[in-house]
Amino acid sequence: MAPIVRISNLEKYFGRLHVLKQVSVDVAAREVLCIIGRSGSGKSTLLRCINFLEEPSFGSIEVDGIKVDSGVKGKEHRQLVHDVRLKTGMVFQEFNLFPHMSVLENVIEGPITVKGMDRAKATELAEQNLDGVGLLFKKDEYPNRLSGGQKQRVAIARALTMEPKVMLFDEPTSALDPELIGEVLNVMKKVAKDGMTMLVVTHEMGFAREVADRVLVMADGEIVEDAKPDALFSSPKDPRTKALIERYRTGAN
Amino acid sequence: MIRFHAFPYPAFKADHMSTDSTTAPVSKPVLSQAELLYEAQQRQTRNFRRNVSLSWGILLLILLYLFSGQSFLGIRTIRLDFEFIRENIGFIAEGIPQTLLVSFLSITLATFLALLAALGRLSTIPPLYALSTFYVSLIRGTPLYLQIFFFFLALPQLGIILSGLFAGVIALGLNYGAYMSEIFRAGLASVGKGQREAAIALGMTPWQTMKRIVLPQALRFAIPPIGNDFIAMTKDSALVSATGFVHEVMWRATRVGRAQFHNLEALIIAALFYWMMTIILSYVQGIIEARLARGDR
């Protein structure tokens with residue numbers, strides 16, 4: 001089966017800084033892929049290139065049959081980028097809920113404004129997803145009344161309500177108090193179980209080990225290891241992976 | 001708030017809280033400690049407010065005395081013709097609606113221009129950026145008084161005859177718009193990058209992102225400073241009287257003052273009216289700000 005996400009020869013420069021070097025990854029449908037690595041390794045940039053929050057310098061991105069070459073400009077390119085964004089949902093480290101909208105309004109905003117869905121249908125869909133993350137009872141609250149964990153769960157519901165083919169998680173638990181991490185990871189597990197294709201940039205090794213089908217290790221803008229979690233965590237091949245896993249092991253306990 | 005030791009600390013009177021005298025007196029002191037502290041704090045706040053009001057009253061009395069025409073210990077005060085004031089206060093008061101109208105129309109125009117200028121300033125399209133900075137630079141680099149005359153004198157040459165009112169509104173609007181563009185720029189900048197990214201990731205176009213996500217938050221940020229500028233504008237609107245065609249408070253004061261050689265009295269009446277207007281508008285603004293703060297999200 002053709003991969004649902006295909007990243008080919010991706011290069012990204014920030015000014016003179018070379019942050020992604022010839023990165024190529026295929027992700028199969030329903031696969032959960034965790035991307036780990038030290039900060040500055042390029043893992044977030046890779047994720048943000050997939051929905052063009054960062055425009056790649058070279059290479060191409062293909063999501064669910066829509067292929068976008070980088071380095072191209074113009075209307076056609078913008079349309080392709082837009083199509084890719086409709087296929088992907090993103091969850092940010094800092095939640096980025098819209099503070100001037102209630103929880104429900106946050107979740108229906110995308111379907112209504114972007115897809116032109118009618119309000120009743122969007123609301124129905126939104127309520128299903130809010131129920132899915134266990135926060136339907138908060139639908140009329142404003143984000144400032146929610147805990148960090150609740151905000152992130154709403155953010156997940158907001159992304160899911162766009163009915164994407166692929167979900168991108170950019171360090172979804174890094175801004176959370178330790179006791180709130182679990183609730184978000186549980187919701188993510190549930191999303192994975194429901195068959196969503198997920199790319200997760202994370203520092204949560206436990207989550208990677210338990211939920212991921214595959215783990216990518218990034219260092220210095222390159223993928224240094226790409227393996228099943230069991231293999232990776234029990235016998236890491238690259239010394240940088242070893243160091244990374246060791247660091248978390250000692251850090252966590 | 002920190003100076004607890006200054007308060008009557010001991011649990012001295014449980015009676016002022018006790019509505020029910022049959023309650024066991026033993027359980028009282030535990031509660032009353034906190035209650036007493038709270039009461040003392042409340043009392044301090046009340047005292048502060050009362051003393052401020054009192055001081056205001058005294059300052060007002062002193063101000064009034066300065067215009068009483070009395071002489072005390074060789075200190076002379078200003079003598080006013082109250083007969084003149086009584087006769088002309090009505091005529092000057094009739095200018096209040098005009099003053100408010102000019103201010104209201106001007107602030108509306110200014111808000112609109114300020115928003116456009118701020119968006120232009122953030123634009124990556126060179127002509128738009130240039131237009132915005134050019135406008136702000138030109139307007140901020142010349143006096144408002146001059147601008148008002150300019151529109152009054154220049155537009156007729158172009159075959160555009162505007163009433164004094166509209167020439168004034170255009171000048172005031174353009175002027176305040178240039179200054180207020182900074183408010184909107186700050187407002188737009190206050191909306192974090194993450195908000196835009198979240199909108200873009202949902203698939204919103206730049207325009208949708210601006211309209212649905214960025215602007216509503218920026219406007220919220222900008223409302224209190226706009227209120228400030230509106231209050232300032234009620235006073236600057238006095239400058240349009242210079243053209244002689246807008247019969248607002250200042251124009252009327254100057255007119256009757258000059259005609260009857262009572263400039264000082266007339267100006268003092270005008271000053272009173274401006275002061276009263278700004279007090280009322282400040283009060284209204286306070287309410288709006290409190291409401292915004294309450295719904296802060």
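Just so it is clear, the structure is predicted and the values come from calculations on it, not from any experiment. In what follows, chains are A, B, ... by sequence order, proteins preceding strands, each numbered from 1.
For A:Phe92, the part lying under 4.5 angstrom from a heavy atom of chain B is the side chain only. Contacts of A:Arg48 with chain B are made by side-chain atoms alone, with heavy-atom separations under 4.5 Å and no backbone atom involved. Only the backbone of A:Leu97 comes within less than 4.5 Å of a heavy atom in chain B; its side chain stays farther off.
The number of heavy-atom neighbours closer than 6.0 Å to CZ of A:Arg38, taken from other residues, nucleotides and ligands shown, is 12 or below. Within 6.0 Å of the CZ atom in A:Phe14, the count of heavy atoms belonging to other residues, nucleotides or ligands exceeds 12.
Across all their heavy atoms, B:Arg212 and A:Thr113 have their closest contact at NE-OG1, 3.8 Å. Contact between A:Leu53 and B:Glu197 at its shortest, heavy atoms only, is CD2-O, 3.9 Å.
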- Would you please test B:Thr205 and A:Arg78 for side chain to side chain contact (heavy atoms under 4.5 Å, CB included) and show each step? CA-CA 10 Å; B:Thr205 61; A:Arg78 277 204 298 277; over 6 Å; no
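Among B:Gly192, B:Ala198, B:Ala199, the residue making the largest number of heavy-atom pairs under 4.5 Å with chain A is B:Ala198. Of the listed residues (A:Glu109, A:Glu94, A:His82), the one with the most heavy-atom contacts under 4.5 Å to chain B is A:Glu109.
Separation of atoms NE2 (A:His100) and CG (B:Leu219) is listed at 10.0 Å; rounding is to 0.5 Å.
Residues B:Leu202 and A:Arg85 fail the side-chain proximity criterion, which asks for heavy atoms closer than 4.5 Å. Looking at heavy atoms from C-beta onward, B:Gln195 lies in side-chain contact with A:Pro99 at the 4.5 angstrom threshold.
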